[in-house]
Trainee: 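First, the structure itself, so that you have it in front of you.
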Amino acid sequence: MRLSVDHRTIYRFTEPQSRLVQMLRMTPQNTHDQTVAQWRIDIDCDARLRQGRDGFGNAITMLYIDGPIDGIEIDVTGEVLTSHSDGVVHGAYEVLPPALFLRPTETTAQDKAIADFAARVTTPAQGRIGALHRVNEALHERFTANPGRPEPNLGAAAAFRLDSATSRDFAQMFIVAARSLGAPARYVSGYLLTEREDDHRPTPHGWAEAHVDGLGWIGFDPFTGDCPEEHHVRVAVALDAAGAAPVAGSRLGEGGERLEVDVVVSRDGQ
Amino acid sequence: MGKQAFDEIMGAPGDTRVRPELAALGRWIEETPDAELRRRQQAAETTFRQLGITFAVYGENEAAERIIPFDIVPRVFLHDEWTRLSEGLVQRVEAINAFLEDIYGERRILKEGILPEDLVMGNAQFRPEIAGMRPPHGVWAHICGIDLVRTGPDDFFVLEDNARTPSGVSYMLENREAMLRLCPELFREFRVAAVDSYPDRLLETMKSVAPHGVSAPTCVVLTPGHYNSAYYEHSFLADTMGVELVEAADLVVDDDVVWMRTIAGRVKVDVIYRRIDDDYLDPLVFRPDSALGVPGLIAAYAAGNVAIINAPGNGIADDKAIYSYMPDIVKFYSGGECKLPNVETWRCREPQALKYVLDNLEDVVVKLVDGSGGYGMLVGPTATKQEIEDFRAALIAEPHRYIAQPTLALSTVPTMAESGLCPRHVDFRPFVLTGSKGVQVVPGGLTRVALKQGSLVVNSSQGGGTKDSFVLMADQSQRMGAGGMTQALGGMTQTLGEGMPGPEAQS
Amino acid sequence: MLSRTASSLYWLGRYFERADFIARLVEATVRLDVLSSQPAGEAAWASALAVTETDEAFAKTGVPVGQRDVVRFLTLDASHPGSIVRCLDMARNNAKAVRTALTRESWTAINRAWLLFENRATPGSTTAQLNLVEAVKTESRGFEGAIHRMLRNQTTWFIRLGQAVERADNTARLLDVKYHILLPEGQKLGGAIDRDQWTTILQTVSAVTAYRWMYNDGLRPADVIDLLLARAELPRSLAASVEETVDVLNLLAKRTGQHGEADRMARLRASRLGRTRSGEVIASGLHQYLQAFIQENALLHGAIGRQFKFL
């Protein structure tokens with residue numbers, strides 16, 4: 001499938017900033033099932049850009065801007081060819097061993113309620129892979145999917161107490177549940193093609209991957225209840241959503257900021 | 001405490017005479033009146049106070065700036081003792097560097113099953129954020145402080161490795177200054193290896209690891225600021241090396257290059273000796289709420305444009321949970337037996353060890369795996385019943401957070417107490433430098449002394465003091481005549497990767 | 001030199017100078033109110049508040065204007081930024097941040113001045129008040145001496161630059177407020193004057209004796225204004241402060257090899273002041289002149305910050 005992505009991020013500052021340094025995790029990489037046909041990051045002002053990699057192997061772009069600056073617009077556009085492989089990730093660039101992804105973080109801390117839930121919806125007879133599928137479906141059934149923008153800093157444990165969940169919250173809850181079952185699990189940020197035509201969304205997409213010995217990393221998207229196939233564009237992975245966030249930024253200056261995000265994913269040739 | 005300890009000057013328990021090599025020191029102790037020793041000690045402490053060599057005590061208010069008590073009687077290493085010790089230190093620090101290079105790269109040590117994978121991967125000190133990055137010249141632990149204890153003439157044990165930002169080197173230098181001024185006669189009796197070249201050696205080490213292609217590197221010391229308890233040492237090191245003492249706000253990263261802001265504009269920075277924790281280095285990569293950090297610093301590091309001393313991520317090498325595996329780690333990388341043994345350690349994460357520890361809480365020392373500075377620690381033999389029960393509960397609840405060690409009969413050195421000179425337990429922190437050309441041990445270090453009778457806790461935050469540490473040179477007969485130089489020349493023992501690949505060759 | 005270091009030194013100079021000025025102002029006002037033949041009362045204290053631009057802050061405390069409370073407010077009150085204790089606190093914090101650049105002597109002077117206020121809750125008797133401000137002045141003199149014994153390099157120059165900019169501001173404010181109070185509109189310069197009030201101005205800038213030396217016609221307001229405005233011989237005059245600013249900027253420019261906006265502004269101001277006749281200023285409006293001067297001084301302060309890239 002040929003997917004085209006247009007991801008626009010706009011920051012507006014209430015006071016002019018004297019400097020801006022941002023780390024962008026906004027560039028997808030090739031895997032056996034994902035080929036980046038073209039991809040570009042455009043900035044609406046004079047900026048110095050540097051390519052690199054973070055510790056998780058994600059492609060990063062460092063962005064340096066001198067002020068005074070009262071806003072910035074980051075426009076990411078590209079085309080990606082995806083193919084079908086039952087959710088198993090093949091040929092991704094891996095720096096760290098799966099065992100690392102058993103580690104809890106602040107937003108994916110161990111949580112008794114989630115662990116109990118995971119234990120309740122699974123049976124030992126299902127085996128690891130069966131159990132993970134079951135958790136994925138059970139989470140999808142339990143929460144209403146909220147396509148809006150996630151609330152900052154809401155951890156998995158707190159999200160589990162609500163009735164609806166954003167894709168980020170779904171993914172982080174899945175990660176906590178999977179780890180409680182002993183499976184390494186990680187957060188994936190990226191894009192999702194939805195069925196609706198010309199659908200503008202206020203946030204990129206997030207889902208999870210869990211590791212099963214013998215198979216490797218397998219994608220799970222509790223937001224859709226399925227395993228990612230051709231509709232997902234995989235961009236960055238980390239222990240949690242914050243680690244895989246598209247933008248980590250720092251600015252030098254007073255005042256607050258306003259963020260606007262607009263994501264359009266469409267299928268080419270339709 | 002019941003156990004008789006080896007005294008580093010007076011000799012083994014039961015000996016009636018001073019160790020023969022140190023007869024002159026014994027005479028000095030005997031002949032100098034206590035009142036005179038006290039006077040000199042006070043003179044030294046007055047100087048320290050005036051210089052502002054103070055530290056803040058956690059849990060007390062900011063005004064509580066104290067000096068660390070100084071004891072006038074030095075601790076002495078014989079030349080042969082030091083040579084053997086140095087070999088062990090070099091071996092250990094080479095292994096620490098090789099371990100870090102491996103663990104953030106290929107991870108051979110995990111693949112070969114020497115270390116349990118979960119112990120590293122589940123350890124907060126292993127920093128996935130910098131995996132795959134490599135410091136210039138492959139040097140990770142440029143400055144190590146290896147904490148040692150001693151139980152007999154040749155029985156040294158490593159108590160703890162410090163591969164992050166070991167402090168205390170300013171005390172090594174200031175204590176020596178004080179001794180040269182107050183007890184010059186001792187330096188006529190003994191040829192003592194000089195330590196005052198330390199700042200030059202450190203600067204040399206820093207320059208040697210500058211990014212490739214930089215011919216005249218700009219080095220800086222990065223401090224969290226003057227509110228930090230070790231600020232004196234930060235400023236001392238910057239001043240003695242003649243480099244700028246910067247705070248995070250003085251640094252800016254642009255185009256993956258680090259600059260410092262000066263009144264004449266930006267100046268490129270090549271080597272940063274940072275005295276702030278990993279967590280606060282770069283808010284884009286580590287703690288986002290950190291105001292102490294330099295945004296973009298890790299990107300500059302990953303791009304190979306700056307050397308960070310010590311390298312980020314080093315905490316995994318001096319973690320207490322990893323410590324118990326150090327003999328295996330040293331063996332793995334050096335190919336030989338570990339020359340400096342560990343103190344026997346029970347890993348409470350292992351059920352059998354936990355059982356032993358719970359059964360013997362009155363006799364062992366229990367430590368938090370991630371604790372430091374003598375906090376979160378149980379010293380069984382001196383603990384109250386309540387403290388022991390509290391630790392028992394904590395151990396049962398979270399055994400993986402603790403290790404335990406036997407209480408050793410730590411060596412003593414005569415120390416000035418209320419009632420005159422008395423034996424007091426000591427430990428030792430030598431400083432080991434690693435540059436692009438190899439590892440060197442500074443002939444001296446920081447001797448910490450537990451001032452309370454019987455106490456084994458030497459931490460300054462818990463009532464410990466310091467002493468000067470003499471390392472005697474090879475030929476004691478050729479000492480300078482009276483009235484000549486009071487300090488012998490020479491100094492560092494430098495060893496180039498003996499029989500094992502240095503960190504350079506590991507890649 | 002690091003920009004932060006330069007900035008700390010400059011602010012150290014400004015704050016220590018300000019503490020010294022407030023001490024002098026309090027001293028002179030105590031003398032005016034309590035020790036003169038005709039106690040000036042509330043008005044004297046109100047003008048002391050006006051000079052330091054803290055009249056509004058004081059009004060917010062709800063306490064009536066009087067010697068004891070205003071002295072406490074200007075010296076001991078750590079809750080507002082215009083007190084001596086706060087100025088010394090700021091000076092000391094800046095000094096601490098650049099501790100290693102200072103000599104022990106200059107650090108000790110700052111630290112000792114700061115220690116004067118430790119555990120002091122009330123200003124005490126008039127004698128105690130005078131003793132306190134006298135002690136601040138003594139430490140300030142010690143600091144001044146210590147600076148002059150330090151290496152003649154950027155470290156001392158940035159401290160001196162801060163002092164000069166602060167001093168220009170302080171003297172201008174002093175003159176403006178006192179003149180305003182002493183000569184209400186319509187009153188003629190040269191009429192019957194309040195000797196005590198005019199002496200207070202001279203006392204505040206340590207110029208009582210200097211005035212006698214330089215002017216022979218007894219106490220004349222026009223001469224006092226001339227002295228404080230145009231006579232570079234008096235260290236605290238506007239002319240001297242302006243000259244000092246130019247000199248120090250020159251030294252810095254020679255060392256760093258960079259001239260900039262601040263140099264140009266300072267030189268322009270100095271040459272203009274050099275041509276100024278105090279008589280003409282009085283005739284055309286001293287208040288307007290001083291207000292413009294204070295504003296220009298603030299602009300120069302900003303230019304210095306930009307030129308040396310203060311954080």
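Values below: all heavy atoms of this structure, side chains included; hydrogens, waters and symmetry mates excluded. Just so it is clear: chains get the letters A, B, ... in the order the sequence lines come, proteins before strands, and each one is counted from 1. These figures come from a predicted structure and were not determined experimentally.
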Trainee: Near A:E94 CD, under 6.0 Å, is it more than 12 heavy atoms from other residues, nucleotides or ligands?
Mentor: yes
Trainee: Over all heavy atoms of both residues, which pair between A:Y64 and B:G296 is shortest? Give the atoms and the distance, please.
Mentor: OH-O, 4.3 Å
Trainee: A:L239 versus chain B, heavy atoms under 4.5 Å apart: side chain, backbone, both or neither?
Mentor: side chain
Trainee: At a heavy-atom distance under 4.5 Å, which candidate from A:S250, A:P97, A:G52, A:A248 has the highest pair count against chain B?
Mentor: A:P97
Trainee: Does the side chain of A:M62 come within less than 4.5 Å of B:L284's, by heavy atoms?
Mentor: yes
Trainee: Against chain A, label B:V253 side chain, backbone, both or neither, depending on which of its atoms sit under 4.5 Å from a heavy atom there.
Mentor: both
Trainee: Under 4.5 Å heavy-atom distance to chain B, tell me which part of A:R53 shows up: side chain, backbone, both or neither.
Mentor: backbone
Trainee: Is B:D255 in contact with chain A via its backbone, its side chain, both, or neither, using a 4.5 Å heavy-atom distance?
Mentor: both
Trainee: If you count heavy atoms of other groups shown closer than 6.0 angstrom to CD of A:Q110, is the number above 12?
Mentor: no
Trainee: Is the shortest side-chain heavy-atom distance between A:R103 and B:P128 below 4.5 Å?
Mentor: yes
Trainee: Taking side-chain contact (heavy atoms from CB on, under 4.5 Å) as the criterion, tell me which of B:V257, B:D254, B:D256 meets it with A:R50.
Mentor: B:D256
Trainee: Sort B:Y104 into side chain, backbone, both or neither according to what part of it lies under 4.5 angstrom from a heavy atom of chain A.
Mentor: neither
Trainee: Quick check on A:I60 against chain B: is it the side chain, the backbone, both or neither that has a heavy atom closer than 4.5 Å?
Mentor: neither
Trainee: Please look at A:L102 and chain B and tell me whether the side chain, the backbone, both or neither of the residue comes under 4.5 angstrom of a heavy atom of that chain.
Mentor: neither
Trainee: Looking only at heavy atoms, what is the nearest atom pair of B:E117 and A:A99, with distance?
Mentor: OE1-CB, 3.2 Å
Trainee: Could you check whether any side-chain heavy atom of A:V21 comes within less than 4.5 Å of a side-chain heavy atom of B:V252, counting everything from C-beta outward?
Mentor: no
Trainee: More than 12 non-hydrogen atoms from neighbouring residues, nucleotides or ligands closer than 6.0 Å to CD on A:E151, yes or no?
Mentor: no
Trainee: B:G132, B:A124, B:A302, B:G105: which one forms the most heavy-atom pairs within less than 4.5 Å of chain A?
Mentor: B:A124
Trainee: Are there more than 12 heavy atoms of other residues, nucleotides or ligands under 6.0 Å from atom CD of A:E106?
Mentor: no
